[in-house]
Peer 1: 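Pasting a structure here, questions to come.
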There are 2 protein chains.
Amino acid sequence: MNDKKLSDEECLRDMRHIQDTLYVISGKWKLPIIMSINNGNNRFREISRSIPKITLRMLSKELKELEINKLITRTVSEDSSILITYKLTAYSQTLAPLIEEMKNWGRNHKAMITEKKT
Amino acid sequence: MNDKKLSDEECLRDMRHIQDTLYVISGKWKLPIIMSINNGNNRFREISRSIPKITLRMLSKELKELEINKLITRTVSEDSSILITYKLTAYSQTLAPLIEEMKNWGRNHKAMITEKKT
DNA sequence: TTTATTGATATACTTTAGTATACTGATTGT
DNA sequence: ACAATCAGTATACTAAAGTATATCAATAAA
């Protein structure tokens, strides 16, 4: 995607980084979950309700993976009652430029693909 | 991923754009294929050889999808012999910032995740 | 006291993604 | 004439991702 040609090894190394990123953010629900939490939903049921068709199993599974990847935290508070809260980490903000870029590219791409054949 | 809260509708609309992008670039082989072509491999067998474990079926399938998405072109030239050439489109270059960002984020993320627990 | 809500887990299933292997017809090379 | 290469396709399979549904123990609300 840039002008100079790369060696095969450089190329494979780059691919591994890209695959690592894809692994963290792809799948049907990871980004919807991140966006839901970002939008102010912090409890399991809240997040679940905010994402129309997600199942409890997937939500549970994906929250764990996001926690392992340090994009969210799960905290149990016991002030008068047990309450579990999910929050985005400061680190998760490093994804912002990528998400923004994906949003823009996707919008533009759809417009491009669906435009009347010239 | 930014400070102002969005309405649910705005949020869902953004998600659709992001999912559109993910659909185009995710899967095990799409980016390896793009990078291989970018690296100077233009013929079916060349691309196939340059990507260690890809099967002919997947290469064929993914090339078609990339063509539908206008990221590559497939041209049949008949100057003295039939020869099929795959090339990246000018449009495919719009993916460059995204790919670059994914590469950087992935590299940094791996370092972050594997670093000794402080 | 029963009912609902919270934060999940377990089991079984379906769907999608990817693999393995054999094959084709046209061309080029020996 | 025979083998090799090119650009794939067809069929059958396995693995991964996701869904459906039931269940649980601990609060909280009526």
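Computed from a predicted structure; not experimentally measured.
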Peer 1: Do any side-chain nitrogens or oxygens of Lys61(A) fall under 4.0 Å of OP1 or OP2 in dA10(C)?
Peer 2: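 It does not, given that no N or O in the side chain of Lys61(A) lies less than 4.0 Å from OP1 or OP2 of dA10(C).
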Peer 1: Do the side chains of Ile33(A) and Ile37(A) get nearer than 4.5 Å, heavy atoms only?
Peer 2: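 The answer is yes, as the side chains (C-beta and beyond) meet within the 4.5 Å cut-off.
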Peer 1: Any sub-3.5 Å donor-acceptor pair from Glu62(B)'s side-chain atoms to Met58(B)'s backbone N or O?
Peer 2: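 No; judged by distance alone, with no hydrogens or angles, the pair does not exist.
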Peer 1: Short of 4.0 Å, heavy atom to strand atom, which residues of residues 21-28 of chain A count as contacting DNA chain D?
Peer 2: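 Residues of residues 21-28 of chain A under 4.0 Å from DNA chain D: Gly27(A), Lys28(A).
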Peer 1: Could you tell me which non-hydrogen atom of Leu31(A) sits nearest to which non-hydrogen atom of Ile99(A), and how far apart they are?
Peer 2: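 Closest approach of Leu31(A) to Ile99(A), heavy atoms only: CD2-CD1, 3.7 Å.
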Peer 1: Across the strands shown, which category fits Arg57(A) at heavy-atom distances under 4.0 angstrom: base, sugar-phosphate, nothing?
Peer 2: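 Base contact.
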Peer 1: Given dA8(C), is OP1 or OP2 found less than 4.0 Å from the side-chain N or O atoms of Arg45(A)?
Peer 2: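 Negative; the distance criterion is not met.
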Peer 1: Indicate whether the side chain of Ser26(B) and that of Ser26(A) have a donor and an acceptor atom separated by less than 3.5 Å.
Peer 2: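 The criterion, which ignores hydrogens and geometry beyond distance, is not satisfied for Ser26(A) and Ser26(B).
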Peer 1: Any base atoms under 4.0 Å from Ile84(B), or only sugar-phosphate, or nothing? Heavy atoms, all strands.
Peer 2: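 Contact class for Ile84(B): sugar-phosphate only.
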Peer 1: To the nearest Å, how far apart are Phe44(B) CZ and dC6(D) C1'?
Peer 2: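 Distance check: Phe44(B) CZ to dC6(D) C1' gives 10 Å.
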Peer 1: Check the distance between dG18(D)'s P and Leu31(A)'s CG and give it to me in whole angstrom.
Peer 2: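 Spelled out: CG on Leu31(A) to P on dG18(D) is 12 Å.
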Peer 1: Is the OH atom of Tyr91(A) crowded by more than 12 outside heavy atoms at less than 6.0 Å?
Peer 2: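 Yes, enclosed.
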Peer 1: So, are Lys103(A) and Glu100(A) salt-bridged, with charged N and O less than 4.0 Å apart?
Peer 2: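 A salt bridge is present here (some side-chain N lies under 4.0 Å from a carboxylate O).
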Peer 1: Distance check: side-chain N/O of Tyr86(A) vs OP1/OP2 of dT6(C), anything under 4.0 Å?
Peer 2: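 For dT6(C), OP1/OP2 do not have a side-chain N/O of Tyr86(A) under 4.0 Å.
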Peer 1: Reckon Arg43(A) has a side-chain N or O less than 4.0 Å from the OP1 or OP2 of dG7(C)?
Peer 2: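 Answer yes for this pair, as a side-chain N or O of Arg43(A) is under 4.0 Å from OP1 or OP2.
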Peer 1: Using only side-chain N and O atoms of Arg49(A), determine if any of them is under 4.0 Å from OP1 or OP2 of dT6(C).
Peer 2: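 Affirmative; the distance criterion is met.
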Peer 1: Counting distance only, does the side-chain N/O of Asn108(B) pair as donor-acceptor with the main-chain N or O of Asn104(B) below 3.5 Å?
Peer 2: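 Side chain of Asn108(B) to backbone of Asn104(B), a donor-acceptor pair under 3.5 Å: no, none is there.
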Peer 1: Would you call the rings of Tyr86(B) and Phe44(B) parallel, tilted or perpendicular if under 30° counts as parallel and over 60° as perpendicular?
Peer 2: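 Tilted: the ring planes of Tyr86(B) and Phe44(B) meet at 30° to 60°.
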Peer 1: Look for any protein N or O under 3.5 Å of an N or O in nucleotides 2-4 of chain D and output each such pair with its distance, or none.
Peer 2:
none

Peer 1: Tell me: CZ of Arg74(B) to C1' of dC6(D), nearest whole Å?
Peer 2: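 Going from Arg74(B) (CZ) to dC6(D) (C1'), I get 12 Å.
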Peer 1: Rounded to the Å, how far apart are Glu46(A) CD and dG7(C) C1'?
Peer 2: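 After rounding, the gap between these two atoms is 13 Å.
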Peer 1: For Ser60(A) and Met58(B), find the nucleotide of DNA chain C closest to each by heavy atoms; which residue's nucleotide sits nearer the 5' end?
Peer 2: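 By nearest-heavy-atom nucleotide position, the 5'-most residue is Ser60(A).
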Peer 1: Measure from CG on Leu56(A) to P on dG18(D) and round the result to the nearest Å.
Peer 2: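 Distance, rounded to whole Å: 16 Å.
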